[in-house]
Amino acid sequence: MQKLLARLQSPKTFASFIAPLLVPLLTLQAQALDVHQVEREIHRLTNAMRAEKNLAPLTAMTELDGLARKHSENMAQQGFFAHTDLQGLSPSGRMEKYLPGLFTMGSAENIAMRTVSGDAEAAVALALVTQWRHSEGHYRNIMNTSLRQLGVGVGEANGNVYATQNFANSLVMLENTRPEQVKAGAAVSLKFRFLADFPAKELTAFVNVPDKAARFYTKDGSFYTGGGPLEAIWKDPTHFELKVPTTHGKGGYRIGIGQNGAYYQTPFGFSVN
């Protein structure tokens, strides 16, 4: 008996383009800041704000820190202040370009800027976070319960400090190179870091194949056609591997990853020739 294909739905990746905050102050001779200390303090203060509403803290994520830092440094060095950079990339566009392995079901960005003159790192961080606190859209991003990870990046130039927060609701991070094209035969190995907030045992994966008559049998004797479930091979509590077959026709193999039988279509497919 043919078993109904698992539900596929595209993730709704969103980026919040909030009107930037700019607070000009009297410009004096600025001292170099320990920008990494400012970043850490911004993260701490952000989670302290969430704790005021009994919300779970946002998890630090190295990759998001790097993404945020890159944008802040670009703003500082290139002399602009906007969500869209001088290459025309939006926050979601930068995420796709610089973090192609990150699969997220939601994202948002906050930016802020201020002039400094010998201020201590803690004072700079507090001033930047206070700007976000008193801006409705920025505050809403910080308090968004569907966002779970946070990256913070700070850049400094000419006495001005620029800060970026990149928020995400991430499912997985692909940690090895995904092939664009392969020859039929051996399975393709895709290695992931698990980032979701549901139990790892609830993770499910699926492949759609070019041969729509191909059968994928289950343990009870029923089967899927045109694709089927993939077994997640867990290496440790946060890392797993998918071995994707390449013997079901030439063309596109599309990977779905999700929870309890519901799958999000991911960008981690490839072509078999």
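Since we're looking at a predicted model, the values are computed, not measured.
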| Are a donor atom and an acceptor atom from the side chains of Asn160 and Thr115 found within less than 3.5 Å of each other? | yes
| message | Looking at Arg114 and Leu128, would you say the former's side chain and the latter's main chain have a donor-acceptor pair under 3.5 Å? | response | no
| field | Backbone of Thr84 reached by a side-chain donor or acceptor of Ser90 within 3.5 Å | value | no
| Approximate separation, where rounding is to 0.5 Å, of Met113 CE and Tyr162 OH | 4.0 Å
| said: Would you say that Glu109 contacts Gln165 through its side chain, given a criterion of any heavy-atom pair below 4.5 Å between the two side chains? | reply: no
| message | Suppose we screen for side-chain contact (heavy atoms from CB on, under 4.5 Å). Which residues come up paired with Asp197, at least two apart in sequence or across chains? | response | Arg148
| said: Counting C-beta onward and ignoring hydrogens, is there a side-chain heavy-atom pair between His239 and Lys191 closer than 4.5 Å? | reply: no
| query | Taking the side chain from Asn208 and the backbone from Gly227, do they hold a donor-acceptor pair closer than 3.5 Å? | reply | no
| Excluding sequence neighbours, so at least two apart, what forms side-chain contact (heavy atoms from CB on, under 4.5 Å) with Leu86? | Gln78, Phe80
| said: Just to verify, what does Glu41 make a side-chain contact (heavy atoms from CB on, under 4.5 Å) with, not counting sequence neighbours? | reply: Arg44, Leu45, Ala125
| request: For the residue pair Leu99 and Leu64, establish whether any side-chain heavy-atom pair is separated by less than 4.5 Å. | output: yes
| Main-chain N/O of Gly249 paired to Asp211 side chain as donor or acceptor, under 3.5 Å | no
| remark: Between Trp132 and Ala112 the two heavy atoms that sit nearest each other are NE1-CB, 3.5 Å
| query | If you round to the nearest 0.5 Å, how far is CG of Leu230 from CD1 of Ile255? | reply | 6.0 Å
| request: First locate atom OG1 of Thr266, then atom CZ of Phe192, and finally report the distance between them rounded to the nearest 0.5 Å. | output: 6.0 Å
| field | Donor-acceptor contact present, side-chain Gln149 to main-chain Ser170, <3.5 Å | value | yes
| query | Under 3.5 Å, side chain of Thr225 to main-chain N/O of Ala213, donor-acceptor pair present? | reply | no
| request: Output yes when a side-chain donor or acceptor of His71 lies under 3.5 Å from a complementary backbone atom of Ala82, and no otherwise. | output: yes
| said: Whether the side chain of Tyr253 engages the backbone of His248 through a donor-acceptor N/O pair (distance < 3.5 Å, no angle test) should be reported. | reply: yes
| remark: Checking Phe268, Phe216, Tyr264, Tyr263 against Phe206 for ring-ring contact (aromatic ring centres under 6.0 Å, His included), the one that qualifies is Tyr263
| said: Using 0.5 Å steps for rounding, measure from the CD atom of Glu39 to the OG atom of Ser72. | reply: 7.5 Å
| request: Starting at CD of Glu156, measure out to CG of Asp34 and round the result to the nearest 0.5 Å. | output: 10.5 Å
